[in-house]
Amino acid sequence: MDRVADPTRMSGFNAPHCGSLRASDDGGEVELYGWVARRRDHGGLIFIDLRDRWGAVQIVFNPANASQAHERASDLRAEYVVRVAGKVERRRPGAENPRMPTGEVEVIASDLEVISVAKTPPFAIEDEVEADEATRLKYRYLDLRRPKMTRNLELRHRVVQAIHRYMDAHEFMEVETPMLLKGTPEGSRDFIVPSRLHPGEFFALPQSPQQLKQLLMVAGIGRYYQIARCLRDEDLRADRVVEITQLDVEMSFCTEEDVLGLIEGLWAQVWMDVLGVEIPTPFRRIDMQESLLKYGTDKPDLRYELEIADVSDALRETGATVLRGALDAGGVVRCLAVPGGQDMSRRELDELALLAKGAGAKGLAWVPGPLDRHLSGGEMSAIKSAARAGADDVVLVVADRRRKAETVMGLLRREIARRRKLARRGEWNFLWVYPMYLFEEDDEGKLTYGHHPFTSPWPEDMALLERRPYDVRARAYDCVLNGVEISGGSIRIHNRELQEKVFEILGMEPDRIRSQFGHLLDAFEYGVPPHGGIAAGIDRLMMAIKGTENIRDVVAFPKTQSHQDLMLGAPSPVSPEQLEELHIRVVPPKKPS
Ligand code: ASP
């Protein structure tokens with residue numbers, strides 16, 4: 001290690017960036033600091049690419065004019081950290097590398113010092129990586145050195161900076177809210193933190209700052225925002241993550257129009273600042289009922305047209321028993337034309353049927369197909385015309401309970417678009433789903449809230465609250481981009497009696513209401529402005545911008561799908577002493593017998 005330099009004697013903080021050198025730097029003497037990305041020995045000359053956060057530049061070691069540096073360079077290995085002094089020169093014509101932004105120049109080295117040596121990394125630090133994801137996550141600090149990943153982090157930074165600028169320009173005040181809270185229901189489990197000083201008592205980590213931002217409105221802040229961390233102890237489902245970052249917003253004396261307008265302006269600004277793309281506003285709006293009917297989802301992707309149609313009425317008397325059975329049981333029949341679908345093989349149709357069954361459908365029928373002989377001519381043409389099917393199309397038909405039929409059709413719609421590549425490329429399709437419903441059925445068929453229990457019912461539907469709760473619309477909105485929900489929020493209840501009534505309809509006991517929400521209800525008695533807000537998931541937003549389905553592409557230190565941190569080795573057991581101090585005893589789960 002005798003050639004390893006003493007880092008206390010050098011400062012590269014103000015040195016030029018490797019990745020920033022351009023033809024205009026020609027002739028300049030520079031000192032560069034970075035990682036050896038690649039070394040090539042070319043009969044006498046040694047070339048390395050030196051990489052830093054800004055990119056990489058080619059360095060040339062020539063034994064004729066810097067023999068010591070050249071000799072040291074022959075020992076360089078990938079990922080060594082070095083200091084190079086030298087002169088920027090334009091490459092000779094024909095030797096430029098148009099694939100590198102620095103490719104018009106190279107640096108002729110006069111001096112080289114090794115600052116830190118490196119083991120051979122477990123994978124090459126290049127954009128196209130061969131390593132599996134577990135290895136990349138274990139060595140995340142190496143993975144993040146890959147230019148692609150560095151650029152992703154940088155892009156995220158740009159987006160967040162644009163958000164700060166926009167919110168500040170609109171007089172929103174950033175206020176931090178605590179991490180140690182009392183639970184706030186957002187539809188997931190709380191992560192809890194034991195209190196050492198109050199044995200047997202626990203804090204909850206925020207699923208979102210929902211109640212606090214409402215209390216900030218009671219406090220008169222008027223316009224609040226925060227880039228907030230939200231922690232939700234989710235089950236192991238493919239698209240669920242336990243730790244997210246969201247832009248959290250709340251405002252007073254506002255209507256839906258103010259919130260929607262603010263967020264449309266925000267996305268337009270972010271897209272312009274970061275991508276240089278103009279996003280037309282206002283966004284299209286569709287209500288929840290239409291969204292579920294036509295697209296089978298509350299987050300429709302409208303980069304493709306495919307529309308689902310209801311044909312229940314035309315089939316009430318049908319002789320096709322599968323359809324008739326579902327209708328007689330109060331269900332619906334929905335259909336969807338696959339453009340040019342007559343070229344689909346039987347195998348492909350069977351795969352779609354499998355997908356439908358996987359989502360809980362009893363089956364999938366199609367026209368033309370085996371179902372034809374059970375349908376009258378009138379019924380056949382009713383199905384085709386409802387689905388607006390052309391001569392080459394196949395119409396998929398699902399009969400089931402309404403919710404089930406919607407879900408299944410929604411999945412089929414997406415799958416068909418995926419298989420047939422129907423989504424218009426390069427399109428940013430923003431829309432609002434608004435209004436939504438106040439309540440929905442949970443997995444056990446029990447009534448639960450659609451958004452969260454603080455959402456205001458639609459004024460005209462107030463009379464239905466107790467009689468037909470599922471029909472009550474909510475002053476709630478979701479913003480959807482290319483089929484991904486990127487933000488959602490609502491105008492809130494700001495009246496104690498109404499809030500108590502909604503809690504009751506949700507089946508909460510008075511004691512629980514008092515202990516969990518007493519502070520909010522009390523606050524509503526000290527002068528409360530009408531208020532509403534929204535939260536936008538930054539991770540999802542980044543995924544949409546990058547066009548990736550993998551959240552780990554846009555988060556610096558993510559967890560795995562099984563919610564573990566492979567680099568830190570978390571979660572992990574704690575010492576018996578620590579548990580003792582916390583007054584906690586671990587009861588291991590029973591082994592399945
Ligand atoms: N707190 C809500 C959420 O995290 C958003 C809101 O209603 O503002 O989804």
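We count ligands from 1, going down the list as the structure has it; atoms in each ligand are counted the same way.
- At a 4.0 Å cut-off, at least one heavy atom of Gln246 sits close enough to ligand 1 to count as contact.
- Neither the backbone nor the side chain of Glu485 has a heavy atom within less than 4.0 Å of ligand 1.
- Within the 6.0 Å centre-distance limit, the rings of Trp458 and Tyr434 are counted as a close aromatic pair.
- With a 4.5 Å cut-off on side-chain heavy atoms, Ile493 and Phe454 do not count as touching.
- A side-chain donor from one of Gln564 and Ser562 sits under 3.5 Å from a side-chain acceptor of the other.
- Residue-ligand proximity, Lys213 to ligand 1, at heavy-atom distances under 4.0 Å covers atoms 6 (C), 8 (O).
- Residue contact check: His451 has heavy atoms under 4.0 Å from atoms 5 (C), 6 (C), 7 (O) of ligand 1.
- Note on Arg140 versus Asp143: salt bridge recorded, some NZ/NE/NH1/NH2 to OD/OE distance being below 4.0 Å.
- We find that Arg402 and Glu441 are not joined by a salt bridge, their nearest charged nitrogen and carboxylate oxygen being 4.0 Å or further apart.
- Close approach of ligand 1 to Gly488 (heavy-atom distance below 4.0 Å) involves ligand atoms 5 (C), 6 (C).
- Considering backbone and side-chain atoms together, Arg492 places an N or O closer than 3.5 Å to an N or O of ligand 1.
- Residue-ligand proximity, Gly489 to ligand 1, at heavy-atom distances under 4.0 Å covers atoms 6 (C), 7 (O).
- At a 4.0 Å cut-off, at least one heavy atom of Arg232 sits close enough to ligand 1 to count as contact.
- By the 3.5 Å distance cut-off applied to N or O atoms, His452 is counted among the residues near ligand 1.
- For the atom pair CE of Met149 and CG of Asp127, the computed distance is 10.0 Å after rounding to the nearest 0.5 Å.
- More than 12 heavy atoms of other residues, nucleotides or ligands shown are found within 6.0 angstrom of CZ on Phe191.
- Heavy-atom separations between Glu250 and ligand 1 are all 4.0 Å or longer.
- Heavy-atom proximity to Ile534, at under 4.0 Å, picks out these atoms of ligand 1: 8 (O).
- Residue Ser208 touches ligand 1 through its side chain alone, judged by heavy-atom distances below 4.0 Å.
- Shown here are the side-chain hydrogen bond (donor to acceptor under 3.5 Å, both in side chains) partners of Arg189, two or more places apart in sequence or in another chain: Asp235.
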